[in-house]
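For ligands, and for the atoms within them, numbers begin at 1 and follow the listed sequence. Note that this is a predicted model, so its numbers are computed, not measured.
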Amino acid sequence: MLVVLISFFVTRNTVDRELNIRVDDYASITQDLIDDELKSSEDNLWAGAGLLNSSEVQLTNEEWSEFYEQSGIQDRFAGVRGLGYAEIVNRIDLSDFENDYDVAVYPESENSVTANVVYLYPNLGNNRNVLGFDMYSNDIRREAMFLARDTNEAFMTKPTVLVQRSDATGEPELGFILYVPRYTRNADRETLDERRENIKGYVYSVFTAKDFLSSALLRQSDDRFSYQVMVDDMVLYEEAEFAEMQTGDFQEQVISSTLKGVDFDIRYVYNPSEILPNSIRSQPVSVLLIGVTGASLATFLTWLLLSNRNKELLLEKERDINDAKDSLLSIASHQLRTPATGVKQDLGMVLQGMAGDVSDTQRNFLEKAYESNDRQLKTINDVLYLARLEAGRIVLSKTKIKMRTILYSLIEEMHDNIEENNHKLVVKAPKKAVYVWADEHMVRMILENLLSNAIKYTPEGGKIKVVLRKSKGGIKVSVEDSGVGIKDDQKDEIFKQFSRVGNSLSKSVSGSGVGLYLVKNLVEMHEGEITVESDGENGSTFTVYLPTNKPIKT
Ligand code: ADP
């Protein structure tokens with residue numbers, strides 16, 4: 001009996017440990033995603049500090065807005081409300097400063113040093129009220145700014161009520177402000193004293209907490225977990241299913257982490273039976289039952305220990321594979337994508353003449369570098385999606401979407417590419433709106449891949465035709481080109497991972513062989529279908545069918 005009980009406890013510990021590992025794995029990805037989002041935003045801020053210091057003279061508002069547009073920040077971060085700069089001024093110099101920047105500093109205070117917002121873009125609505133605001137006058141902001149100043153690193157405020165923004169109901173919204181310091185040009189900043197002496201201002205970005213967290217975490221959601229994100233016991237974001245999941249045999253785990261100076265608690269709820277398969281979870285009970293019945297005790301125990309060991313080995317192997325996938329995911333996003341995005345921004349700014357005049361020869365080289373970097377980013381993104389797909393981390397976030405709008409905006413985006421290749425484009429879509437219930441981001445990705453392939457695999461001056469139509473219980477979009485075509489024996493190959501099937505153009509155009517594999521998987525995740533037609537010589541037609549899964553009320 002003693003042996004049975006020992007086996008019971010040993011097995012139960014293994015199961016508990018396994019459960020903790022799965023939850024920890026999930027939690028570490030959640031933190032990585034928030035961190036990743038912040039890191040990319042931080043890169044923008046350092047670029048802003050660099051821009052301010054690259055110029056001998058004060059920047060104009062236009063230059064700041066150009067920098068904002070160039071950074072692409074508004075497309076990448078759903079929660080970002082603005083990119084700003086606050087400059088430090090001694091109170092006695094305030095009136096000169098107000099003249100120079102044409103702002104009125106507020107609120108009144110006795111502080112001898114002020115840090116006033118002089119640029120904030122987009123310069124819209126309530127954002128305009130922020131110009132002239134002395135950020136040092138607010139304790140929460142000042143605390144993060146001082147930390148950034150003293151360490152020469154990025155720091156974020158605790159969630160705070162944003163001055164400029166209220167939500168649709170007019171209620172004030174909670175947000176974060178992320179700061180990086182800007183020191184006087186060429187001044188020393190090695191020691192704490194030097195950093196305090198030479199601080200000149202702060203470049204910052206403002207996020208609304210809810211939008212920022214939901215966009216950072218959107219791609220990770222996994223039905224088996226639900227979570228709340230808290231700071232100082234204040235709930236900033238909660239998944240829609242959070243309350244629902246707290247029923248039955250649920251467990252919870254709070255995992256804390258500090259990101260850019262802010263302590264986040266992420267509270268996960270889950271049902272253990274959904275995390276570990278029943279066969280593993282019921283192991284401890286099986287041990288007990290088998291022991292108590294006593295039948296062929298010795299034989300059973302030997303079998304049990306061996307099978308347990310086997311299962312443990314299998315679990316270990318599965319965990320190793322998952323770990324490897326996770327680190328690939330993390331490496332791809334942090335170590336490759338973030339710096340590559342930084343390169344794109346910096347090159348973009350130099351090309352725009354923000355660092356001085358660019359000669360024709362220099363422009364030529366810079367443009368080549370920009371294009372190579374763009375291709376590199378595309379490949380990184382493809383691999384990143386592939387890793388997420390393989391790890392089961394792509395979960396669709398479906399809404400009612402208007403196909404025509406997506407199609408036309410995509411065509412607009414790809415217009416330059418189509419023109420550069422002298423292709424003629426024909427688009428046909430029903431006049432009446434056509435809706436599907438789908439993940440907008442993913443549908444865009446599907447169509448973008450098909451269109452970009454049609455452009456790539458069609459020699460200059462070709463014809464591309466895109467047709468959107470209603471089809472039984474859903475819609476069909478076909479992308480037809482007059483390109484090199486696909487042979488019959490290649491029609492299955494092209495949908496496999498890393499399959500770059502040879503054709504007369506495949507050597508001269510870039511690609512990773514991942515696009516169509518992703519497209520097929522995404523279409524199938526929507527319970528749709530993709531087909532290809534081609535006689536092998538005269539162009540190809542890819543057709544995607546997407547069902548209207550949910551009854552749509554119009
Ligand atoms: P890639 O990054 O190589 O373009 P894809 O997965 O998108 O990867 O496509 C896989 C292969 O399918 C391509 O290498 C190409 O040989 C073929 N292919 C895709 N689209 C077309 C098309 N419109 N016309 C001809 N061949 C195509």
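Comment: K368 does not engage E371 in a salt bridge, judged by the lack of any side-chain N to carboxylate O separation of less than 4.0 angstrom. Electrostatic pairing of R363 and D360 does not count as a salt bridge here, judged by no charged N lying under 4.0 Å from a carboxylate O. Using a cut-off of 4.0 Å between Lys/Arg side-chain N and Asp/Glu carboxylate O, K378 and D374 are scored as salt-bridged. Classification of E524 and K520 as a salt-bridged pair holds, one side-chain N sitting under 4.0 Å from a carboxylate O.
Scanning S534, G539, G513 for the heavy atom closest to atom 1 (P) of ligand 1 points to G513. Distances from atom 17 (C) of ligand 1 to the heavy atoms of D382, I494, V484 put I494 nearest.
Closest to atom 7 (O) of ligand 1, if we only count protein heavy atoms, is N453 ND2, 2.9 Å. Protein heavy atom nearest atom 26 (N) of ligand 1, with residue, atom name and distance: I486 CG1, 3.4 Å. For atom 3 (O) of ligand 1, the nearest non-hydrogen atom of the protein is R500 NE, 2.7 Å. Looking at atom 23 (N) of ligand 1, its nearest protein heavy atom turns out to be D481 OD2, 2.9 Å. Of the protein's heavy atoms, L516 CD1, 3.6 Å lies nearest to atom 9 (O) of ligand 1. Closest to atom 21 (C) of ligand 1 among all protein heavy atoms lies Y457 CD1, 3.5 Å. S499 O, 3.2 Å is the protein heavy atom nearest to atom 10 (C) of ligand 1. Nearest protein heavy-atom contact of atom 24 (N) of ligand 1 is S540 OG, 3.3 Å.
Contact atoms of ligand 1 toward F542: 20 (N), 21 (C), 22 (C), 23 (N) (distance under 4.0 Å to a heavy atom of the residue). Within ligand 1, counting atoms from 1 as listed, the ones closer than 4.0 Å to a heavy atom of G485 are 25 (C). Every atom of ligand 1 is numbered from 1 in the order shown, and the set under 4.0 Å from a heavy atom of K456 is 1 (P), 2 (O), 4 (O).
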Could you go through residues 451-459 and list every donor-acceptor pair under 3.5 Å that involves a side-chain atom there, pairing it with any protein atom two or more places apart or in another chain?
{"residue": "K456", "atom": "NZ", "partner": "S510", "partner atom": "O", "Å": "2.9"}
{"residue": "Y457", "atom": "OH", "partner": "R500", "partner atom": "NH2", "Å": "3.0"}
{"residue": "T458", "atom": "OG1", "partner": "A454", "partner atom": "O", "Å": "2.6"}

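Residue contacts with ligand 1, taken as heavy atom pairs separated by less than 4.0 Å, do not involve F495 at all.
The backbone N or O of S540 sits less than 3.5 Å from a side-chain atom of D481, completing a donor-acceptor pair. In this structure a side-chain-to-backbone donor-acceptor pair under 3.5 Å is missing from K398 to H526.
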Subject >> Derivation of the side chain to side chain contact (heavy atoms under 4.5 Å, CB included) call for Y545 and T531 >> reply: CA-CA 9 Å; Y545 167 77; T531 52; over 6 Å; no

**OP:** Quick one: do F155 and Y179 satisfy ring-ring contact (aromatic ring centres under 6.0 Å, His included)? Show the steps, please.
**Re:** CA-CA 5 Å; F155 269 88; Y179 293 99; over 10 Å; no

